[in-house]
Trainee: 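Encoded as structure tokens, here's the structure I'll be asking about.
Computed over heavy atoms, backbone and side chain alike; hydrogens, waters and symmetry mates excluded.
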Amino acid sequence: MNPEAPAGDSPTEAPQDAPAPACVMCFNAADASGAGGLACDVATLAAMGAHALPITTSVLMRDSAEIFDQHALDPDVLVEQARTVLEDITVSGWKVGFLGSAEGVSAVAEILSDYPEIPAVAYLPNLGWLEDDVAQPYLEAFRELILPATEVLVGNHKTLTDFLLPDWDNERPASARELAVAAGERGTRYVLVTGIMLAAKGTEQYIDNVLASPQGALTGEKFEMFETSFVGAGDTLSAALAALLAAGSELQAAVGEALAFMDQSLDAGFRPGMGGVLPDRFFWALPPAEEGAEEGAEAEAPAAETPEPKGKGAQRRVH
């Protein structure tokens with residue numbers, strides 16, 4: 001409560017509320033490792049200037065190397081989380097991640113159907129760790145209920161091929177356009193296909209990332225392949241794209257910016273445990289190293305204490 005103005009002072013106008021950032025509701029799993037899931041969504045959206053509204057769909061039992069199990073939340077609990085927030089806050093974008101169960105998929109699809117004007121970015125992770133009796137109903141529900149509400153479906157080339165073209169037996173890998181055609185038959189407007197392997201140039205291996213519609217490829221970026229294993233890259237990319245679309249960015253420009261953000265996050269990645277490297281979604285907030293400081297530190301440090309190179313080889317500076 002503001003104190004009253006002292007007598008004799010001229011009244012002043014109340015300060016105007018600052019405009020709120022774009023709010024993105026994320027449906028995803030709680031991941032205690034911080035690699036993916038809601039922890040990734042919150043960090044990425046914050047880094048992109050958006051505000052996350054995280055809805056927990058499942059609790060993952062995992063470390064930085066692998067997922068061991070999960071506990072899907074009751075769909076009614078999922079819906080109550082979302083509806084409570086939606087009655088209060090204006091949402092500008094959706095980010096759909098792992099939804100826990102076929103029933104969770106149905107619950108989220110019903111919420112999305114009430115707001116068809118809000119752009120939805122859906123990320124399909126590799127679910128090879130799930131038991132078949134859970135994975136198959138989940139994927140079928142995702143195909144039937146989430147794809148029709150999806151503006152952009154994001155996923156690795158192999159994961160999307162297995163999901164969208166399960167009977168693909170051509171020796172040639174499916175193109176991004178062919179995947180977009182298959183997704184379009186279910187109502188999805190675009191696919192963003194990552195990890196498309198390109199022919200090696202000498203000792204350098206490159207991968208392509210392509211945004212496509214059923215009419216053809218629209219844009220994309222080629223990156224040199226990192227010689228390490230990352231965890232959380234797909235969630236990072238899709239959350240960044242959701243933030244940009246929620247803020248009103250044009251799709252192709254948003255895809256280019258989201259891919260650049262992911263690449264730089266991976267380049268600054270760090271390994272907190274014994275598993276994979278995690279993207280640093282706040283790479284841009286690292287203070288610049290003082291000139292000559294790193295070189296001097298390396299010269300004085302014993303070999304056993306030399307920091308391990310991360311990403312493309314740049315050493316991570318401490319915040």
Trainee: As an exercise, state the distance from CE of Met48 to OG of Ser249, rounded to the nearest 0.5 Å.
Mentor: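 Answer rounded to 0.5 Å: 8.0 Å.
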Trainee: Kindly determine whether Trp129 and Phe98 satisfy ring pair (Phe, Tyr, Trp, His ring centres under 6.0 Å), including the steps that lead there.
Mentor: CA-CA 13 Å; Trp129 56 274; Phe98 178 58; 5.6 Å; yes
Trainee: Run through Leu153, Val121, Thr44 and flag the one making a side-chain contact (heavy atoms from CB on, under 4.5 Å) with Ser238.
Mentor: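 Going through the options one by one, the only one that passes is Val121.
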Trainee: Any donor-acceptor pair under 3.5 Å linking the side chain of Asn209 with the backbone of Glu221?
Mentor: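 Between the backbone of Glu221 and the side chain of Asn209 there is a qualifying donor-acceptor contact (under 3.5 Å).
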Trainee: Check whether any side-chain N or O of Glu257 sits under 3.5 Å from a backbone N or O of Ala253 as a donor-acceptor pair, and report yes or no.
Mentor: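 Answer holds: no.
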Trainee: Which residue, Val277, Thr236, Leu278, forms the side-chain contact (heavy atoms from CB on, under 4.5 Å) with Phe230?
Mentor: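 By the side-chain contact (heavy atoms from CB on, under 4.5 Å) criterion, Phe230 pairs with just one of Val277, Thr236, Leu278: Val277.
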Trainee: From Thr150 OG1 over to Trp94 CH2, what is the distance, rounded to the nearest 0.5 angstrom?
Mentor: 12.0 Å
Trainee: Would you say the side-chain atoms of Glu178 pair up with the backbone N or O of Ser175, donor to acceptor, closer than 3.5 Å?
Mentor: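 Present.
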Trainee: Assess whether atom CD of Glu110 is packed by more than 12 heavy atoms of other residues, nucleotides or ligands within 6.0 Å.
Mentor: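 No, not enclosed.
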Trainee: Could you give the distance from CG (Leu38) to OG1 (Thr57), rounded to the nearest 0.5 Å?
Mentor: 6.5 Å
Trainee: Are the side chain of Arg83 and the backbone of Glu87 linked by a donor-acceptor contact shorter than 3.5 Å?
Mentor: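 Looks like no, no N/O pair under 3.5 Å.
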Trainee: With a 6.0 Å cut-off (strictly less than), is the heavy-atom count around CE of Met225, excluding the residue itself, greater than 12?
Mentor: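 Incorrect, the count does not exceed 12.
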Trainee: Salt bridge or not between Asp41 and Arg281? Use side-chain N to carboxylate O under 4.0 Å.
Mentor: no
Trainee: When rounded to the nearest 0.5 angstrom, what is the spacing between NZ in Lys222 and CG in Asp208?
Mentor: 4.5 Å
Trainee: Can you tell me if CD on Glu131 sees more than 12 non-hydrogen neighbours from other groups inside 6.0 Å?
Mentor: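 For Glu131, atom CD is not crowded (no more than 12 foreign heavy atoms under 6.0 Å).
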Trainee: Return yes if some donor-acceptor pair links the side-chain N/O of Ser213 with the main-chain N/O of Gln215 below 3.5 Å, else return no.
Mentor: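 Checking the backbone N and O of Gln215 against the side chain of Ser213, a donor-acceptor pair under 3.5 Å is found.
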Trainee: With a 3.5 Å cut-off and sequence neighbours excluded, list the donor-acceptor pairs that the side chains of residues 68-80 form with protein atoms.
Mentor:
from, atom 1, to, atom 2, distance (Å)
Gln70, OE1, Ser58, OG, 2.4
Gln70, NE2, Gly100, O, 2.9
Asp74, OD1, Asp76, N, 2.7

Trainee: Would you say that more than 12 heavy atoms from the other residues, nucleotides or ligands in this model lie under 6.0 Å from the CD of Glu117, or not?
Mentor: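 For Glu117, atom CD is crowded (more than 12 foreign heavy atoms under 6.0 Å).
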Trainee: Mind listing the closest non-hydrogen atom pair of Ala233 and Leu266 along with its distance?
Mentor: CB-CD2, 4.1 Å
Trainee: Whether the side chain of Tyr138 engages the backbone of Leu99 through a donor-acceptor N/O pair (distance < 3.5 Å, no angle test) should be reported.
Mentor: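 It does hold such a pair.
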Trainee: Would you confirm whether Asp280, through its side chain, and Gly269, through its main-chain N or O, come within 3.5 Å as a donor-acceptor pair?
Mentor: no
Trainee: Before accepting this row, confirm whether a basic side-chain N of the pair Arg143/Glu185 lies closer than 4.0 Å to the acidic partner's carboxylate O.
Mentor: no
Trainee: Output yes when a side-chain donor or acceptor of Thr161 lies under 3.5 Å from a complementary backbone atom of His157, and no otherwise.
Mentor: yes
Trainee: Between Trp284 and Phe261, is the ring centre distance below 6.0 Å?
Mentor: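 No - the distance between ring centres of Trp284 and Phe261 does not fall below the 6.0 Å cut-off.
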Trainee: Would Asp235 and Asn28 count as having a side-chain donor-acceptor pair, cut-off 3.5 Å?
Mentor: yes
Trainee: Would you give the length of the straight line joining atom NZ of Lys95 to atom CG of Leu53, rounded to the nearest 0.5 angstrom?
Mentor: 13.5 Å
